[in-house]
Amino acid sequence: MSWTDFWMFALPAFCCWLAGAWFAWRGNRIAKACGFTLAGLLIFAAFIIGLWVSLERPPMRTMGETRLWYSFFLPLVGLMTYLRWRYKWILSFSTVLALVFIGVNLLKPDIHNKTLMPALQSPWFVPHVIVYMFAYAMLGAATVMALYLLLRKNKRPAAMEMDMCDNLVQIGFSFMTLGLLSGALWAKEAWGHYWSWDPKETWAAITWFCYLSYIHYRLHRKTSYSIALIMLLISFLLLQMAWYGINYLPSAQGVSVHTYSM
């Protein structure tokens, strides 16, 4: 399996996700929506597994490889959200977002080789990245919901809709916390200290505190919806900075131990 085979898996997976989103929109087609979405996830997972075997390492080193996982987790989170709250549009939005990341990977796959630096040859590598990618997908779904509620004209969000945002953020925040803790333990094993104020670590901490502020704000300002939704959007922008934005910071060049793909 090589990266040139990606489109042969991405195209049928996307078609399945599109069909699942279509049946979700039609209403009362839950079985078909779930079936097609799961079929797309299995096809996409087959490529990830094949690439893993071919590279002889977890495909999690470069930005292109992490986008691969994000493209997988977005429809999965969309399906979970759809099954829990029956919002028929969530599968459509998650499919569109997954298409964006698939498109970026087709145009700019980054470097995909078998080289894995010593610090990444650790049992913490796989759980750390997977936990973070799942957290990002959950928080991405919360951001999509926040955008939908903010752009909907002349209609105040319902309490149930805000509860959905809260639940997505709380789950995503929990996994983000696990990612931070596993990263600290990994750093102790690899470099001898839990925290070094690396640019990646700094932005991850800022993002973590921003989402924590949202959770506390919602606990004490239950009816102040607009500010809470704006806080969600700002938090997600900070998350993008922590995820890949630091690769382009002058302060990270030649200094950050997290710019593996540079």
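Quick note: residue numbers are just sequence positions, from 1.
- Every side-chain hydrogen bond (donor to acceptor under 3.5 Å, both in side chains) that Tyr214 has, sequence neighbours left out, goes to Asp166.
- Residues meeting the ring-ring contact (aromatic ring centres under 6.0 Å, His included) test with Phe236, sequence neighbours left out: none.
- Applying the ring-ring contact (aromatic ring centres under 6.0 Å, His included) test between Trp243 and each of Trp203, Tyr70, Tyr132 identifies Tyr70 as the sole match.
- Cluster annotation: Ile49 and Trp69 are assigned to distinct hydrophobic clusters (Ile/Leu/Val/Met/Phe/Trp/Tyr, side-chain heavy-atom contacts under 4.5 Å, transitive).
- For the atom pair CD1 of Ile102 and CZ of Phe44, the computed distance is 4.5 Å after rounding to the nearest 0.5 Å.
- Residues Leu237 and Trp208 fall into different hydrophobic clusters, defined by Ile, Leu, Val, Met, Phe, Trp and Tyr side chains chained together at heavy-atom separations under 4.5 Å.
- Side chains of Ile30 and Phe23 form no contact here, defined as non-hydrogen atoms less than 4.5 Å apart.
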Would Tyr217 and Ser224 count as a side chain to side chain donor-acceptor pair (under 3.5 Å) if you check the C-alpha gap in whole Å, the side-chain angles of each, and the deciding distance to 0.1 Å?
CA-CA 9 Å; Tyr217 186 84; Ser224 184; 2.7 Å; yes

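- Looking at Thr62 and Glu65, their side chains come closer than 4.5 Å, going by heavy atoms from C-beta outward.
- Aromatic pair Phe14/Trp17: ring centres not closer than 6.0 Å.
- Residues Leu149 and Cys165 have side chains in contact (heavy-atom distance under 4.5 Å, counting atoms from C-beta outward).
- At least one side-chain heavy atom of Leu68 sits under 4.5 Å from a side-chain heavy atom of Phe47.
- Below 30°, between 30° and 60°, or above 60°: for Trp197 and Trp195 the angle between ring planes is above 60°, a perpendicular geometry.
- Under a 3.5 Å cut-off, the side chain of Ser94 and the backbone N or O of Leu91 do form a donor-acceptor pair.
- Side-chain contact between Tyr87 and Glu161 is present, with heavy atoms from C-beta onward closer than 4.5 Å.
- At least one donor-acceptor pair closer than 3.5 Å links the side chain of Arg218 to the backbone N or O of Lys222.
- At a threshold of 4.5 Å between non-hydrogen side-chain atoms, the residues Leu79 and Cys34 count as touching.
- Residues satisfying the side-chain hydrogen bond (donor to acceptor under 3.5 Å, both in side chains) test with Thr223, not counting sequence neighbours, are none.
- Here the OG1 atom belonging to Thr37 is positioned 13.5 Å from the NZ atom belonging to Lys32, to the nearest 0.5 angstrom.
- Taken to the nearest 0.5 Å, the OG1 atom of Thr66 stands 9.0 Å off from the CZ atom of Phe101.
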